[in-house]
Colleague: 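I have a structure I would like to understand better, so I am pasting it below and will then ask my questions one at a time.
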Amino acid sequence: MNGKTSENSNLNYLNYVKSQDPPTKHFKNCAAAFGVGGLICCIGQFIRFMLEYAGLSGDELAGTTSVILIFLGCLLTGFGVYDRIGRYAGAGSIVPITGFANSVTSPAIEFKTEGWIYGMAAKMFTVAGAIIVFGVFSGVLVGLVYYFI
């Protein structure tokens, strides 16, 4: 087979794939991600305002707000709601802290039939493990830079 025939068959195949693939709705996807991500952030800000009104401040306020958002993300994942939000919003549901809670909770729920240790505990960090390692590694590097500067 010569190079020209191979090139034509590759081009024909790519054209066939394009014809069968539905067009991506970029504007709709970006708008959904922006709207849902913004809504999650507005909910977080509302929680923060309510906790501030209750008398929390500083690190207690920030920590409690984060814990409540993580809890809500895990709860919605457990009920199967967060997966539907993710299918609609894409990155808008992944970027906030609730997306991280979803990425830890989903594998734990999926593999719970394999047991507490080998199923739930081991698989819980399959997706989020890389994020945790990268976060710790980045934190150490930034800390060293600040220490030596």
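Everything quoted here is computed from the prediction, not taken from an experiment. Just so you know, these numbers use all the heavy atoms, side chains as well, and skip hydrogens, waters and symmetry mates.
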Colleague: Are Phe137 and Val145 grouped together when hydrophobic residues (ILVMFWY) are joined by side-chain heavy atoms under 4.5 angstrom apart?
Modeller: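 The answer is no; the residues belong to distinct hydrophobic clusters.
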
Colleague: Nearest 0.5 Å, what's the OG1-CG distance between Thr77 and Leu72?
Modeller: 10.5 Å

Colleague: Just by distance, no angles: are the side chains of Tyr82 and Thr98 close enough, under 3.5 Å, to form a donor-acceptor pair?
Modeller: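 Yes, side-chain donor-acceptor contact under 3.5 Å.
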
Colleague: Taking atom CG of Asn15 as the centre, does the number of heavy atoms from other residues, nucleotides or ligands within less than 6.0 Å exceed 12?
Modeller: yes

Colleague: Say you draw a straight line from CG of Asp83 to OG of Ser106; how long is it, rounded to the nearest 0.5 Å?
Modeller: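 Here the rounded value is 5.0 Å.
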
Colleague: Check whether any side-chain heavy atom of Arg84 sits under 4.5 Å from a side-chain heavy atom of Tyr88, and report yes or no.
Modeller: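 No; the side chains remain at least 4.5 Å from each other.
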
Colleague: Nearest 0.5 angstrom please: Thr105 OG1 to Ile70 CD1, how far?
Modeller: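 The CD1 atom of Ile70 is 9.5 Å from OG1 of Thr105, to the nearest 0.5 Å.
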
Colleague: Hey, are the side chains of Tyr16 and Asn12 touching, using non-hydrogen atoms and a 4.5 Å cut-off?
Modeller: no

Colleague: To the nearest 0.5 Å, what is the distance between CG on Leu14 and CG on Asp21?
Modeller: 11.5 Å

Colleague: Do Ile40 and Phe79 share a hydrophobic cluster, counting only Ile, Leu, Val, Met, Phe, Trp and Tyr and linking them when any side-chain heavy atoms are less than 4.5 Å apart?
Modeller: yes

Colleague: Grab the two heavy atoms, one from Gly44 and one from Thr65, that are nearest each other, plus how far apart they are.
Modeller: O-CG2, 3.7 Å

Colleague: With a 4.5 Å cut-off on side-chain heavy-atom distances among I, L, V, M, F, W and Y, is there a chain of contacts connecting Phe49 to Leu69?
Modeller: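 No, no single cluster joins them.
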
Colleague: Report the distance from atom CG of Asn102 to atom CD1 of Ile85, rounding to the nearest 0.5 Å.
Modeller: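 Going from CG on Asn102 over to CD1 on Ile85, the span is 9.0 Å.
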
Colleague: How many angstroms lie between atom CD of Glu52 and atom CD of Glu60, to the nearest 0.5 angstrom?
Modeller: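 So the CD of Glu52 and the CD of Glu60 are separated by 12.5 Å.
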
Colleague: Do the side chain of Ser93 and the main chain of Ala89 share a donor and acceptor less than 3.5 angstrom apart?
Modeller: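 Judged by distance alone, no pair lies under 3.5 Å.
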
Colleague: With heavy-atom distances below 4.5 Å as the criterion, would you say the side chains of Ser66 and Ile97 are in contact?
Modeller: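 Yes, at least one pair of side-chain atoms sits under 4.5 Å.
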
Colleague: Might you point out which heavy atoms bring Cys74 and Ala101 nearest each other, and give the distance in Å?
Modeller: SG-CB, 3.8 Å

Colleague: Is there a continuous path of hydrophobic side-chain contacts, each under 4.5 Å between heavy atoms, that joins Ile43 to Leu56?
Modeller: yes

Colleague: Following the transitive rule for hydrophobic clusters with a side-chain heavy-atom cut-off under 4.5 Å over Ile, Leu, Val, Met, Phe, Trp and Tyr, establish whether Val136 and Val142 coincide in one cluster.
Modeller: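 In one cluster with Val136: Val142, no.
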
